[in-house]
J.: 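Take this structure, written in structure tokens, and hold onto it; I'll ask about it next.
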Amino acid sequence: MEGDGRRHTGEAMPIAVKVVRRPASGVSYLRATLKGMAVTLGHVFRPKVTMEYPEQKSTDEWTLSPRWRGTHRMLTDEQGRAKCVACGLCPQICPANCIKLVPGEDEEGHRYPLIYEIDEFRCIFCGYCQEVCPEEAIHVGVHYENAEYQRSRFVYDLERLCAQTHEVSTLWDPSDPKGE
Amino acid sequence: MTPELKGFLVAATVKVVAVFSVWMVGVMLATWLERRGSAFMQDRLGPNRVGPAGLLQPVADGLKNFLKEETWPKWVDRPLFLLAPLMSFIPSLITFAVIPLAAPLPGFDFTLPVVGRFTYHGPIPMVVADLPIGFLFVLAISSLGVYGIVLAGWSSASKYAMLGGIRSSSQMISYEVALGLSVITVFLLSGNVTLTEVVAAQQRTVWFVLALTVAFVLFLIAAFAETNRLPFDLPEAEAELVTGYHTEYSAMKFSMFFIAEYAAMITMSCLIATLFFGGWDIPFTEWDEGPPSIARFAATLLAFGAKATFFLLCYIWIRWTLPRFRFDQLMELGWKVMLPVALGYIVVIAFVVWGADRTGAPEVPVLIGVNVVATAGLLWGLDRGRLLAGAGRRAGVVA
């Protein structure tokens, strides 16, 4: 018992071990059990927190944040053309290197994207492309239902990016733009 | 064939088929109840998609398990690996045969074209096999169940499964002692080990839970341990043993273990209802003990089902309340608390029965009086470890 006691006080131990002293007597396991059973039974009759997803996508307590960064959307002008001017900033800043941009130029000298593709599999949804875009053309979206049957379908081309209709991310809190 | 033999065969076949199919549906409902019950206790909803309120979820699960690939790990002992799920499935199935489910039905006498006349004289007992050895059969068969688990652990060639199997064997053997001893008091009162007689004795006197609360508590705890349910699911112990003895199993072989667990739960719930809660007896009325009729059969079956379902719910309730015991705590509780209490209780009850017999005092009030004292004493002694400290007090830790 003496030698055993030292083990628990941790005096002669090379590594300091904190031994929590639990009261071995004075604890009623019977009462603790009954109390626990009362708790679990009480929870049976509580309102449930489950959100039944496909039917119910938000509740009063929870909704998708407006700052959510999901799959991209290209905004368009009044004529339905992409706002993108193919400046090349987004492929430049993209840390995942998932944006493919081939610029073109029309007769009047306006630049536009010949090819604009985002590989949503490589994308890390950092939102830098939206932040860097001078024309507010490319945006990350408040959207998460992206399932596809083929891997190739995850490379979104310009047409598809323009056709998205979901909300775009605000990226920062409008009431606190500096993040303070 | 005589009409009597044909009648007997028909009655027996119908009973077996009916009991088996109702019981398998019961297993399915039990898994559903477990998942929904656990979900509700955790403020979730649980499976509620397949069928009304998710009732068909077990069907979908079963179908999935049928279609899944049967994996055979490389070093398994193939014959034993295949035998183990059966060995745990079948005993839990057979035990059910001796449990009386309802009041007897009236006999029948009818004649069919071609096959002829069928007769069954007297009431048809609603038990698949009314064995004279009754509960001894339950004990014998339920201890076979441990072989399935041990064989699964042994043949898997996996350290986790092996440990699970070893744990299971020591646990089952330890708690079988307490289980058997706690029931001895029941048989002291009923004077017979046949479960139909136990029910009849309770109808004559009182439900044994009122006379033998201590035995009931011991039996309940031992039943949890015997069915490997939390807080005694050491053989599975996900946290330390992956899932113990069925770690290496997949698909339908795994499903067999799963069904066996729930089947054992149902059987144990039915046993508790039979031994301590009057079986199919309906309380506060003598009506159910009258001559056999369809109405009495239906009502008593309902009563029995309600009692058994209640204990099934208790299983689930306790599982989602209590954490798992440590192994030394488990053994201490079994050998240092339950065994002495059960032995002492047998002596007490034997003296009460003997004394009441000698003095001619009415047995039931005396038993209930003794029971109140014994239960209060046990609770007092166990609470805060005043007299007996099982799980919870570790050797060497100073208070």
Side-chain angles (χ1 to χ4, degrees), chain A residues 1-65 144-147 149, chain B residues 33-49 53-54 217 220-221 224 230-232 310 313-326 329 332-333 337 375-399:
Chain A
M1 198 56 230
E2 273 302 306
D4 209 21
R6 251 182 32 193
R7 205 179 77 209
H8 292 291
T9 51
E11 279 167 35
M13 293 183 97
I15 309 165
V17 175
K18 189 183 177 190
V19 177
V20 181
R21 285 187 179 260
R22 291 192 194 134
S25 65
V27 173
S28 170
Y29 292 95
L30 284 176
R31 283 178 221 179
T33 302
L34 293 178
K35 214 183 274 178
M37 289 179 74
V39 168
T40 40
L41 190 65
H43 275 270
V44 170
F45 303 106
R46 289 240 193 118
K48 304 297 165 225
V49 296
T50 307
M51 237 166 82
E52 298 198 64
Y53 160 61
E55 293 89 22
Q56 192 189 10
K57 290 180 181 168
S58 59
T59 61
D60 295 338
E61 288 95 47
W62 190 89
T63 179
L64 205 59
S65 165
Y144 51 88
E145 287 159 319
N146 313 312
Y149 284 102
Chain B
L33 211 58
E34 170 103 286
R35 296 182 63 184
R36 291 283 278 180
S38 67
F40 270 66
M41 283 173 200
Q42 296 164 351
D43 295 345
R44 298 182 288 117
L45 285 173
N48 62 348
R49 295 282 162 156
V217 172
L220 191 71
I221 297 172
F224 275 86
L230 266 164
F232 303 107
F310 174 76
L313 286 172
C314 272
Y315 263 106
I316 292 165
W317 184 10
I318 286 176
R319 170 168 180 188
W320 297 100
T321 302
L322 295 181
R324 186 179 302 121
F325 277 92
R326 209 171 53 214
Q329 295 173 331
E332 270 181 44
L333 181 67
V337 177
T375 312
L378 181 77
L379 290 180
W380 181 82
L382 277 179
D383 194 31
R384 303 192 188 285
R386 280 189 191 95
L387 294 180
L388 289 164
R393 179 172 289 178
R394 186 166 37 161
V397 173
V398 191

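Just so it is clear: chains get the letters A, B, ... in the order the sequence lines come, proteins before strands, and each one is counted from 1.
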J.: Only pairs of heavy atoms separated by less than 4.5 Å count here; which of B/Ile318, B/Asp43, B/Asn48, B/Thr321 has the most with chain A?
T.: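 Greatest number of close heavy-atom pairs with chain A: B/Asp43.
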J.: Taking salt bridge (charged side-chain N to carboxylate O under 4.0 Å, His left out) as the definition, give me every residue that meets it alongside A/Lys35, ordered by chain and number, with sequence neighbours left out.
T.: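 For A/Lys35, no residue satisfies salt bridge (charged side-chain N to carboxylate O under 4.0 Å, His left out) once neighbours in sequence are set aside.
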J.: Excluding sequence neighbours, so at least two apart, what forms salt bridge (charged side-chain N to carboxylate O under 4.0 Å, His left out) with B/Arg36?
T.: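 By the salt bridge (charged side-chain N to carboxylate O under 4.0 Å, His left out) rule, B/Arg36 matches no residue at all.
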J.: Count the heavy atoms of every other residue, nucleotide or ligand shown that sit under 6.0 Å from CZ of B/Phe310, and state whether that count exceeds 12.
T.: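 Counting neighbours around CZ of B/Phe310, 12 or fewer heavy atoms of other residues, nucleotides or ligands fall under 6.0 Å, so no.
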J.: Would you name the heavy atoms of B/Trp317 and A/Met37 that are closest together and state the gap between them?
T.: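 In terms of heavy atoms, the two residues are closest at NE1-O, 3.0 Å.
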J.: Given heavy-atom pairs under 4.5 angstrom as the criterion, report whether the side chain, backbone, both or neither of B/Leu322 touches chain A.
T.: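 It is the side chain, since no backbone atom gets that close.
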J.: For chain B, which residues from residues 39-46 of chain A have at least one heavy atom closer than 4.5 Å to it?
T.: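 Heavy-atom contacts from residues 39-46 of chain A to chain B are A/Thr40, A/Leu41, A/His43, A/Val44, A/Arg46.
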J.: According to salt bridge (charged side-chain N to carboxylate O under 4.0 Å, His left out), who are the partners of B/Arg44, at least two apart in sequence or on a separate chain?
T.: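 Not a single residue meets the salt bridge (charged side-chain N to carboxylate O under 4.0 Å, His left out) criterion with B/Arg44.
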